[in-house]
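All residue numbers in this chain count up from 1 along the given sequence. Excluded from the calculations below are hydrogen atoms, water molecules and symmetry mates; all remaining heavy atoms, backbone and side chain alike, are included.
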Amino acid sequence: MKRRKVLAIIASVMIIQTPFTVQAAMPVPDLLPIGQLKLYKEPSEENGQVSGNSAEDEAETAQDVLDEDAIGSSAILISDKTAKDYELAYERAKNANWGYTNLGIADVSDNLNIRAIAAEDGRLVGKLPRNAACEVIDTDDTWAHIKSGSVEGYVSLEYLLTGVPAKFKAEELAVTVAKVTTDGLNVRAEANTESEVITLVAKGEELEVAAVEGDWVKVLLDDDEVFVSAEYVEVSAELSTAVTMQELLYGQGISDVRVDICQYAKEFIGNPYVWGGTSLTKGADCSGFVMKVFQKYGVKLPRTSRTQANCGTTIEVSEAKPGDLIFYAKGKTINHVAIYIGNGQVVHASSPKTGIKISNVSYRSPYKAVRVLYD
């Protein structure tokens with residue numbers, strides 16, 4: 001009998017001391033969206049070895065974040081977690097997905113077309129390159145409504161990874177980039193202020209990071225390794241996003257051949273960069289890409305960017321029309337060429353890392369522009 005009384009007293013004390021927190025003043029997510037299951041853990045030492053974040057590691061879930069409390073609005077009534085705790089768990093999960101709340105990854109061999117409406121004949125508004133990321137807004141059985149970068153539209157759900165598969169894929173794909181935070185950032189050949197300024201990079205452009213070396217960041221600029229001051233960039237892990245495809249239209253002040261050349265060049269976005277290559281499908285370098293595109297339209301160009309720059313008529317970059325050539329230089333030596341496609345963009349074979357891609361014309365300072373089409 002005494003034992004029962006003692007147990008009863010202990011139970012009463014435990015009940016009195018048990019926290020009952022009811023926080024309904026703030027809206028909380030009932031369930032975390034699909035694709036936010038795995039969060040980063042700090043590496044830990046086990047038996048003298050460091051364990052990392054491989055797919056084989058035990059995933060930290062949103063439930064782990066909340067110390068194994070159940071997730072859901074009904075659980076708040078019996079949990080000692082506040083609405084702020086749930087909000088922080090939601091943010092941690094989102095941040096673990098590189099800022100996406102419902103991550104999608106393009107699962108294609110080249111590019112996934114983004115259309116203005118959910119139909120095969122919908123107007124093309126962008127392309128999601130292979131392995132690029134997007135926010136999945138909504139889906140049905142066939143189409144996904146997405147947003148990636150500045151592009152919003154519809155893609156075939158068949159070619160889009162979502163949920164946990166997208167999360168695991170993204171962990172393989174994320175690259176470290178340096179986002180330029182100042183106007184006209186100096187890019188130097190070496191990591192010191194006495195080194196030659198190779199070119200300038202516009203504010204907002206992102207450069208892939210090769211290494212961080214104290215006050216300097218080694219970055220990839222096309223197929224060169226160069227340096228920028230760490231003071232003027234923000235370094236973070238990012239996923240690639242869609243490119244806008246503002247199509248040129250016939251009969252709007254641009255000749256048909258210029259429209260054709262630009263549309264033809266964009267067909268090869270996502271194909272590989274190969275130094276010395278001239279194949280639009282198997283691999284080309286910058287000048288090989290330009291040479292082959294123009295060859296189809298009867299314009300013969302020499303093999304290298306430096307010799308191509310001596311062709312045609314030199315014009316101001318501001319006067320460039322779609323189909324004109326834009327040249328870039330390392331110091332005063334031309335080492336890269338691209339095709340201007342209008343709307344402030346160029347298409348070019350950039351580097352082994354990125355292949356053929358679209359960039360802003362000022363992703364680095366243009367050195368000169370040349371016109372080889374006379375229409």
Heavy atoms, side chains only, cut-off 4.5 Å: are [X] and [Y] in contact?
X: V125; Y: T244; result: no
X: L160; Y: I105; result: no
X: Y264; Y: L280; result: yes
X: V274; Y: K282; result: no
X: E225; Y: V219; result: no
X: F294; Y: K300; result: no
X: T241; Y: S148; result: yes
X: W143; Y: L157; result: no

Is there a donor-acceptor contact under 3.5 Å from the side chain of [X] to the main chain of [Y]?
X: R364; Y: T199; value: no
X: D224; Y: V226; value: no
X: T304; Y: T307; value: yes
X: Y367; Y: H336; value: no
X: Q308; Y: S287; value: yes

From [X] atom [atom1] to [Y] atom [atom2], the distance as rounded to the nearest 0.5 Å:
X: T278; Y: Q295; atom1: OG1; atom2: CD; value: 8.5 Å
X: T193; Y: D215; atom1: OG1; atom2: CG; value: 10.5 Å
X: S229; Y: N186; atom1: OG; atom2: CG; value: 9.5 Å
X: S195; Y: W216; atom1: OG; atom2: CH2; value: 7.5 Å

Next item on the list: Classify the angle between the aromatic ring planes of Y363 and H348 as parallel (below 30°), tilted (30 to 60°) or perpendicular (above 60°).
Entry: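 Tilted, since the angle between the ring planes falls between 30° and 60°.
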Using a 6.0 Å cut-off, check whether atom [atom1] of [X] has over 12 heavy atoms from anything other than its own residue.
X: E319; atom1: CD; answer: yes
X: K368; atom1: NZ; answer: yes
X: Y232; atom1: OH; answer: no
X: R130; atom1: CZ; answer: no
X: R115; atom1: CZ; answer: yes
X: N360; atom1: CG; answer: yes

Between [X] and [Y], is there a side-chain N and carboxylate O pair less than 4.0 Å apart?
X: D285; Y: R303; answer: yes
X: E205; Y: K179; answer: no
X: R188; Y: E196; answer: no

In terms of hydrophobic clusters joined by side-chain contacts under 4.5 Å, are [X] and [Y] together?
X: L220; Y: V337; value: no
X: L221; Y: V212; value: yes
X: V228; Y: L200; value: no

Side chains of [X] and [Y]: do they bring a donor and an acceptor to under 3.5 Å?
X: D222; Y: N335; result: no
X: S236; Y: E238; result: yes
X: H145; Y: T139; result: no
X: T101; Y: E135; result: yes

Next item on the list: Apply the side-chain contact (heavy atoms from CB on, under 4.5 Å) test between L239 and each candidate in N131, L103, V175; give the one that qualifies.
Entry: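 Answer to the side-chain contact (heavy atoms from CB on, under 4.5 Å) test with L239 among N131, L103, V175: L103.
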Check: For the rings on Y273 and F289, is their centre-to-centre separation under 6.0 Å?
Finding: no
Checklist line | Minimum-distance pair of heavy atoms, taken over all atoms of W98 and A170 | finding: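 For W98 versus A170, the nearest heavy atoms are CZ3-CB, 3.3 Å.
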Item checked: Single hit among T314, T313, D324 for side-chain hydrogen bond (donor to acceptor under 3.5 Å, both in side chains) with R371 ->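 Passing option: D324.
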